[in-house]
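Numbers restart at 1 for each chain; the letters A, B, ... are given by sequence-line order, proteins then strands.
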Protein chains: 2
Amino acid sequence: MTDFKEAIESAERKCSQRGIKLTRRRREVLTTLLEANRALSAYELVNLCNESSNEPMPAMSVYRILEFLRAEQFVHKLETANKYIACKHIACEHEHKQPQFLICNDCHKVQELDTAVEALSSVETAASMLNFKLLNPQLEVSGSCGLCKT
Amino acid sequence: MTDFKEAIESAERKCSQRGIKLTRRRREVLTTLLEANRALSAYELVNLCNESSNEPMPAMSVYRILEFLRAEQFVHKLETANKYIACKHIACEHEHKQPQFLICNDCHKVQELDTAVEALSSVETAASMLNFKLLNPQLEVSGSCGLCKT
DNA sequence: TCCTTTGATGATACAGTATATCACAAATAA
DNA sequence: TTATTTGTGATATACTGTATCATCAAAGGA
């Protein structure tokens, strides 16, 4: 309950540094994602926002706000799952390119890796031999997280 | 025009080896995908099938058939694009796990790599340290293919 | 201060992607 | 032959996302 407050404050700070605003609605969406502590679909977000506040949250707004939060790297989209998850490093200062995710097929929990940087660099090498330039590469692989091997 | 015939024959052969059937409808979908020679959405497939044959192809059938073709590894789904593409190796005998795709953001052409095997193995290592087991890992990265740098 | 501009949000419609279900026919097994 | 499984057709509906226009409020200039 305090962990995500720090993340919000950090996002707030980064926004003002960047000359943009973390508005009430944007904060609402980001907070909801942080509290959920898992990947959510856009409509799950809509519902959660509506449960925890009185002003109804239009689905359109959620999509728009997610675009904003992604552009600022506060949120990632899991393209393979059509879900959104708060970036693990909102509160960090370092830039972090090349996000990498392990997605559990059973419990659907997501772990954001920081470790396998060389994975993408080897793809990059292979790609460049085909004259292909990677753009904002993101890696998503699914499997089974040790916890739910039933 | 002869290239994909070989692929169909090979698929036919594999199916009979496996005790399953490449029915007329399934062959229709697979042929359409091979002829297109690019990634297609499910509904693009529906339309193309309808153009080249008189019996209307229901969208439901395309989805069902795509599931079948994926299970047999004749077709891959690009999860990040919601499109389907014929496997480059339908006619090969070797098993090929870990498909890897480079997807061009501009022309949307897709190249299936065979080369960057070590990419996934380094993810695998990182994952196993978290007690996470990869399952049918597939890699999709987008960027710009040398051809359409405008 | 007033006005204008810009950015954010609300509201509605609709396009695109996918699944659930039931019915029926053909192929296979008992 | 009868029963069962498998593939397909048909319809409905859920889920995901974009287009568009209106409104409102904050920011900055005259």
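Non-hydrogen atoms lying under 4.0 Å from DNA chain D are contributed by K77(A), N82(A), all within residues 70-83 of chain A. For DNA chain D, no neighbouring residue in residues 10-20 of chain A is found when judged by any heavy atom under 4.0 Å. DNA chain D is contacted by S41(A), Y43(A), M60(A), Y63(A) of residues 40-63 of chain A, taking any non-hydrogen atom closer than 4.0 Å. Proximity of residues 24-35 of chain B to DNA chain D (heavy atom under 4.0 angstrom from any strand atom) is restricted to R25(B), R26(B).
Summarising the geometry, atom CG belonging to L48(A) is positioned 6.0 Å from atom CG belonging to L40(A); distances are rounded to the nearest 0.5 Å. Here the straight-line distance linking atom OH of Y84(B) with atom CD of E44(B) works out to 11.5 Å at 0.5 Å rounding. Here the CD1-NZ distance, from I103(A) to K109(A), works out to 14.0 Å after rounding to the nearest 0.5 Å. Atom CG of residue N136(B) and atom OG of residue S142(A) lie 7.5 Å apart, to the nearest 0.5 angstrom.
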For nucleotides 21-28 of chain D, list the nitrogen or oxygen atoms of the protein found under 3.5 Å from its nitrogen or oxygen atoms, one pair per line.
none

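With contacts defined as side-chain heavy-atom distances shorter than 4.5 Å, the pair L66(B)/L45(B) qualifies. Side-chain contact between P137(B) and Q98(B) is present, with at least one heavy-atom pair separated by less than 4.5 Å.
K88(B) NZ: more than 12 foreign heavy atoms inside a 6.0 Å radius.
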Check the pair L139(A) / L113(A) against side-chain contact (heavy atoms from CB on, under 4.5 Å), numbers first and verdict last. CA-CA 10 Å; L139(A) 214 126; L113(A) 285 185; over 6 Å; no

What do the steps show when you test S122(B) against S122(A) for side-chain contact (heavy atoms from CB on, under 4.5 Å), and what is the final call? CA-CA 9 Å; S122(B) 86; S122(A) 85; over 6 Å; no

Chi angles and distances behind the side-chain contact (heavy atoms from CB on, under 4.5 Å) call for N82(B), S41(B): CA-CA 6 Å; N82(B) 295 317; S41(B) 77; over 6 Å; no

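V141(B) and I85(B) are members of different hydrophobic clusters when ILVMFWY side chains are connected at heavy-atom separations under 4.5 Å.
Taking atom CG of L66(A) as the reference point, atom C1' of dG17(D) lies 11 Å away to the nearest angstrom.
Put simply, the side chain of S16(B) gets close to the backbone of R13(B): a donor and an acceptor are under 3.5 Å apart. In this structure, the side chain of K14(B) engages the main chain of I90(B) through a donor-acceptor pair within 3.5 Å. Judged by distance alone, the side chain of S128(A) and the main-chain N or O of T125(A) form a donor-acceptor pair under 3.5 Å. The closest donor-acceptor contact from the side chain of N105(A) to the backbone of S144(A) lies at 3.5 Å or more, if one exists at all.
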Hey, can you pull the donor-acceptor pairs under 3.5 Å for the side chains in residues 29-38 of chain B, sequence neighbours left out?
from, atom 1, to, atom 2, distance (Å)
T31(B), OG1, R27(B), O, 2.6
T32(B), OG1, E28(B), O, 2.7

Identify all side-chain donor-acceptor contacts of residues 72-79 of chain B below 3.5 Å with residues at least two apart in sequence or on another chain.
from, atom 1, to, atom 2, distance (Å)
E72(B), OE1, R18(B), NH1, 2.8
H76(B), NE2, H96(B), NE2, 3.3
H76(B), NE2, E112(B), OE2, 3.4

5'-to-3' dot-bracket of DNA chain D (Watson-Crick, G-U; under 3.5 angstrom; crossing pairs as [ ]; | other strand): ||||||||||||||||||||||||||||||

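Residue pairs meeting the ring-ring contact (aromatic ring centres under 6.0 Å, His included) criterion with at least one member in residues 13-70 of chain A: none, sequence neighbours excluded.
Contacts of E67(A) classified as side chain to side chain donor-acceptor pair (under 3.5 Å), with partners at least two apart in sequence or in another chain: R70(A). Legend: residues meeting side chain to side chain donor-acceptor pair (under 3.5 Å) with Q111(A), ordered by chain and number and at least two apart, are absent.
Nucleotides of DNA chain C that come within less than 4.0 Å of any heavy atom of chain B span, from the 5' end to the 3' end, dT17(C) to dT28(C).
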